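Remember, it's a predicted structure, so these values are computed and weren't measured experimentally.
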Amino acid sequence: MAATSACIFATLLSLLMLHISGSWAADPDMLQDICVADLASPVKLNGYACKESTKVNASDFFFAGLATAGATNNSMGSLVTAANVQKVPGLNTLGVSISRIDYAPGGINPPHTHPRATEMVFVLEGTLNVGFITTANVVISKTITKGEVFVFPRGLVHYQQNAGDSPAAVIAAFNSQLPGTQSIAATLFASSPPVPDSVLAKAFHIGTGQVEKIRSRFAPS
């Protein structure tokens, strides 16, 4: 009898933890119709405080920044234009956002992660080589073209590269109002304060002189 009760208890506990973990898998659910982010509020919480309802207007739910291609004349040959809660305050508590990513020929969106969201890209134009790396160090990659979709699971390192000789662009959708982005190279070599040279040298099997050389390439110009 005691063994049976213990088994039932363990099963119920497992189901409860599964439910809780599922509830924490994305942004928290909204508790009212709208909660437009008050980006100027001094209140600090997980998200943003709500703007007074009398001050809410249509502009809080509108953003025109994805209508035109971004400038890609930079070292990576790409530009991400985000439409997240910081650009569209009305997204606060809604758990979604999108971005437009433009690529010059050969341009890349370098290896990076989104700690708070899964990403799905839809190709507007061009052809891209895309992929992500699992925690078992397996690369899952594919070449995608106009009208096609590819998914990057939450938290996994991923990348995109324009495989064509003409500009490319995608729309990226996220299940978070603010997915966050960590570019792997910049995170390691351009952090402040810096990651110790000895750590990077040992991790990458290179000398400290090479660490400094790489770091110098991420210095503000």
Can you tell me if [X] uses its side chain to pair, donor with acceptor, with the backbone of [Y] under 3.5 Å?
X: R100; Y: A169; result: no
X: Q177; Y: T93; result: yes
X: N73; Y: G77; result: no
X: R116; Y: L178; result: yes
X: N175; Y: V96; result: no
X: N84; Y: S97; result: no
X: S41; Y: D38; result: no
X: N92; Y: V36; result: no
X: E212; Y: G209; result: no
X: S78; Y: I108; result: yes

Check: What about H158 and F132, are their ring centers closer than 6.0 Å?
Finding: no

Next item on the list: Indicate, with yes or no, if the rings of H112 and Y159 have centres closer together than 6.0 Å.
Entry: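 When the ring centroids of H112 and Y159 are compared, they turn out to be at least 6.0 Å apart.
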
To check you understand the geometry: which heavy-atom pair defines the closest contact between [X] and [Y], and what is its length?
X: T187; Y: S191; result: O-CB, 3.4 Å
X: R154; Y: P115; result: NE-O, 3.3 Å
X: A173; Y: I98; result: CA-CG2, 4.0 Å
X: P111; Y: V157; result: CB-CG1, 3.9 Å
X: L66; Y: A83; result: CD1-CB, 4.2 Å
X: A37; Y: K51; result: O-CE, 4.3 Å

Notebook entry, point to check: Salt-bridged, R215 to D197, with N to O below 4.0 Å?
Noted result: yes

[X] side chain near [Y] side chain, heavy-atom distance below 4.5 Å:
X: L128; Y: T143; value: no
X: Y103; Y: V170; value: yes
X: V121; Y: I171; value: no
X: F150; Y: M120; value: no
X: S141; Y: N129; value: no
X: L156; Y: I133; value: no
X: T145; Y: V123; value: no
X: F204; Y: I214; value: no

Atom [atom1] of [X] and atom [atom2] of [Y]: how far apart are they, to the nearest 0.5 Å?
X: K202; Y: I206; atom1: NZ; atom2: CD1; result: 13.0 Å
X: D165; Y: T127; atom1: CG; atom2: OG1; result: 9.5 Å
X: S176; Y: L94; atom1: OG; atom2: CG; result: 11.0 Å
X: F122; Y: I144; atom1: CZ; atom2: CD1; result: 10.0 Å

Examine [X] and [Y] and state if one hydrophobic cluster contains both, with Ile, Leu, Val, Met, Phe, Trp and Tyr joined whenever side-chain heavy atoms are less than 4.5 Å apart.
X: I140; Y: V149; value: no
X: V88; Y: L39; value: yes
X: V130; Y: V138; value: yes
X: F61; Y: Y48; value: no

Notebook entry, point to check: Is the F189 ring parallel, tilted or perpendicular to the F218 ring (thresholds 30°, 60°)?
Noted result: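 Aromatic pair F189/F218 classed parallel.
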
Checklist line | Q32, CD: over 12 other non-hydrogen atoms inside 6.0 angstrom | finding: yes

